[in-house]
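So that the names make sense, note that chain A is the first sequence line, chain B the second, and so on, each numbered from 1. These values consider heavy atoms only, across backbone and side chains, with no hydrogens, waters or symmetry-generated copies.
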Protein chains: 2
Amino acid sequence: MPPLHRVTIKEIAAMTGVSVQTVSRVLNKRPDVSPATRQLVEAAIEEHGFRPNAVARSLVNRRSRMLGVIASGLEYLGVGQTVTGIADEAEASGYSIILKELAGFDAPDIVPVIELLLEHRVEGIIFAGPQMVSNVRHVQEQLPAARPQIVFLKSDPSPDFTTIGIDNIAAGRLATEHLVTLGRRRIAHLAGPLDWREARDRRDGWRAALADAGLPAGPVATGDWFAGSGVTALEAILDEAPEIDGLFAASDLMALGAIQVAHRRGIRIPDDLAIVGFDGLREAAHFTPSLTTVVQPLTEMGRAAVRELVTGFEGGAGETPAPVRTLVLPTTLIYGESAPALVASSVGGRTAAGA
Amino acid sequence: MPPLHRVTIKEIAAMTGVSVQTVSRVLNKRPDVSPATRQLVEAAIEEHGFRPNAVARSLVNRRSRMLGVIASGLEYLGVGQTVTGIADEAEASGYSIILKELAGFDAPDIVPVIELLLEHRVEGIIFAGPQMVSNVRHVQEQLPAARPQIVFLKSDPSPDFTTIGIDNIAAGRLATEHLVTLGRRRIAHLAGPLDWREARDRRDGWRAALADAGLPAGPVATGDWFAGSGVTALEAILDEAPEIDGLFAASDLMALGAIQVAHRRGIRIPDDLAIVGFDGLREAAHFTPSLTTVVQPLTEMGRAAVRELVTGFEGGAGETPAPVRTLVLPTTLIYGESAPALVASSVGGRTAAGA
DNA sequence: ATGAAAGCGCTAACAC
DNA sequence: GTGTTAGCGCTTTCAT
């Protein structure tokens, strides 16, 4: 059973013959303790392996030094990078994180999770799940009035909440424009699930780039972000439009599935079909062929989220309403063999989509 | 600043005209409250969005309902799966998890993290980092006497600690034996970093299988688990021994790098070189060619770890020393094109390495 | 430089 | 059924 007896401050006080208060002073490295007593107390602490109870401290200080993180899809590449960024930055700022993984994305599932985080008195919440058509809005509407600051990752900018993400439309454009530059004229799209905001935006960017280039919108098929769905989706597209010569996949994993299909059908990459992925997974450089992809600063998003929260705490000393900010991080195109950079072209490859 | 004023039980009591204790009873769904008062109190709770302070509860109950998780390399596949398993099972058992990500693996880095977890009075700890040559042992030696149960994932069985993992030697054998079955005679190995126990064990399994088959140990090169190192390592091997016809890679990602090298050098897979990977990443089924790989039950390891902890709490009602157990989970070989199953052979593919 | 008293928000143990 | 008293382990007044 958990109630292992740990030494308490009271016991340290008793055994050293000082008051509880003095021990507390030593613990908090207060200057007003005589060197002799300090040493005495420290010796006792050391000897008994005493560690102050953070729960009791949180209660009296009203500071939990905890951040709540709501994530989803940790078992896939990408999400883990964001959580790593969050964990690292939190650690550096002296915070711990409570991680909650969501099974589904429906708002009714999310609200109780937030409530639980609030019960633990987390000082801030990072919502690292994806924005679906309505889940984030629902969450935002159902949030209790008295709540710590909450940062939404990869969500629509909002006047009421801090959001951190990339410009998916611009990034979708970037990917597609590269294919256009390579001379591709029939450019298809492997979209993510269209109830995800990111999926819609990337598709819209693809459409816009094609329209700008005066090209017809090629065929689209949707997947679920993962490799298996890339297979099915590209097969569907090829059955319908075997003449496509360019493909923009909304995730690197779907692109991986697409490569597999192309290989099986004897379609050469990039000669017959140039492919651009999305995410910038490290592994993409080792696909065969290596993948040209739009890099998302996933780790940086996590770090930025923690910084927003932590500086928020320190900024407003009182009841200043948390400052709402909208961060749009830059994306980059890195070139692989699947859609190589034009040799004699401009250096390119960098898009700063806002700030 | 965090000290947002949240409603307290005392305030609910005051506004409903009952005692704090009665509100507490309602909160804990005790039967000894009259329907009328219960309804009254519930209405007030609802109206003010009151949520009990879990910190205060933890203090008085001496139950934090928190589990500490120490992980590393979350941004890579595999670890995320384990953490997902942990998070899911914890959720199902009514526990929350505090996640600590480690930058390095040195014991001196790990102990303070454990101390911090102890300060938060977690009821159990899951060490999901890898076992290096000495880190786990050091941690085990430096553990404070009064501590909750701690489960080590992927570590050597120990008489003093619960460990959960697979039999990496048997699994390395399994992979290698399959290559032998396919008629390969010069079987090389892409090892993980040899200061990792798992890397050593897999290599030893490979060696043992070759010895059993009366084959000479082929060349070995080590990598860092990731795709890039698979490239370098296979290149080194090929330069030394271009005649190899089989390859056992200690991770799927290194196998991915190996596939890339083979492709560039015009080596056909599996005709010229059959490859077996390790991990069982979902993505491996979509490599080109798809990968034959040893599946580790990563998610299940996470789940099992939580179950060990939670049943441990409930089992021993008093100061029973936590029951130490050693769990060895089974591994499976799944077949891809890189080292196909023998068509007319036995069903095969399942090894139950202990229990 | 040190101690005594009060209280953080809640629950357990006892009254009535 | 409900209220009162005590106390979880610690930090904050305010004395001395």
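- Heavy atoms of V18(A) sit under 4.0 angstrom from primed sugar atoms or phosphate atoms, though from no base atom.
- Sorted by first then second residue, the salt bridge (Lys or Arg N to Asp or Glu O under 4.0 Å) pairs that include residues 27-49 of chain B, not counting sequence neighbours, are R25(B)-D32(B).
- Note on R25(A): every side-chain N or O is 4.0 Å or more away from OP1 and OP2 of dT2(C).
- For the pair R38(B) and F50(A), nearest-nucleotide mapping onto DNA chain D gives the more 5' position to R38(B).
- Regarding contacts with the backbone of dT11(D), a side-chain N or O of S24(A) is found under 4.0 angstrom from either OP1 or OP2.
- Between T22(B) and dG3(D) there is a side-chain N or O to OP1 or OP2 distance below 4.0 Å.
- Among the atoms of the strands shown, only primed sugar atoms or phosphate atoms (P, OP1, OP2) are found under 4.0 Å from some heavy atom of R30(A).
- Between F161(A) and F152(A), the two ring planes are perpendicular [angle over 60°; tilted spans 30° to 60°].
- Residue N53(B) places none of its side-chain N or O atoms closer than 4.0 Å to OP1 or OP2 of dC8(C).
- When the side chain to side chain donor-acceptor pair (under 3.5 Å) test is applied to T84(B), the partners found at least two apart in sequence or on another chain are E101(A).
- A close approach under 4.0 Å does occur between a side-chain nitrogen or oxygen of T37(A) and OP1 or OP2 of dT2(C).
- The shortest distance between the side-chain N/O atoms of R62(B) and the OP1/OP2 oxygens of dT11(C) is not below 4.0 Å.
- The side chain of Q21(A) sits closest to dT13(D) out of dT13(D), dT11(C), dA1(C).
- Side chain of N61(B), nearest nucleotide from dC8(D), dT2(D), dT11(C): dT11(C).
- Using a 4.0 Å cut-off, some side-chain N or O of K10(A) falls inside it from OP1 or OP2 of dC8(D).
- Residue I86(A) holds its CD1 atom at 8.5 Å from CG of L67(A), rounded to the nearest 0.5 Å.
- Distance N28(A) CG to dC10(D) C1': 9 Å, rounded to the nearest Å.
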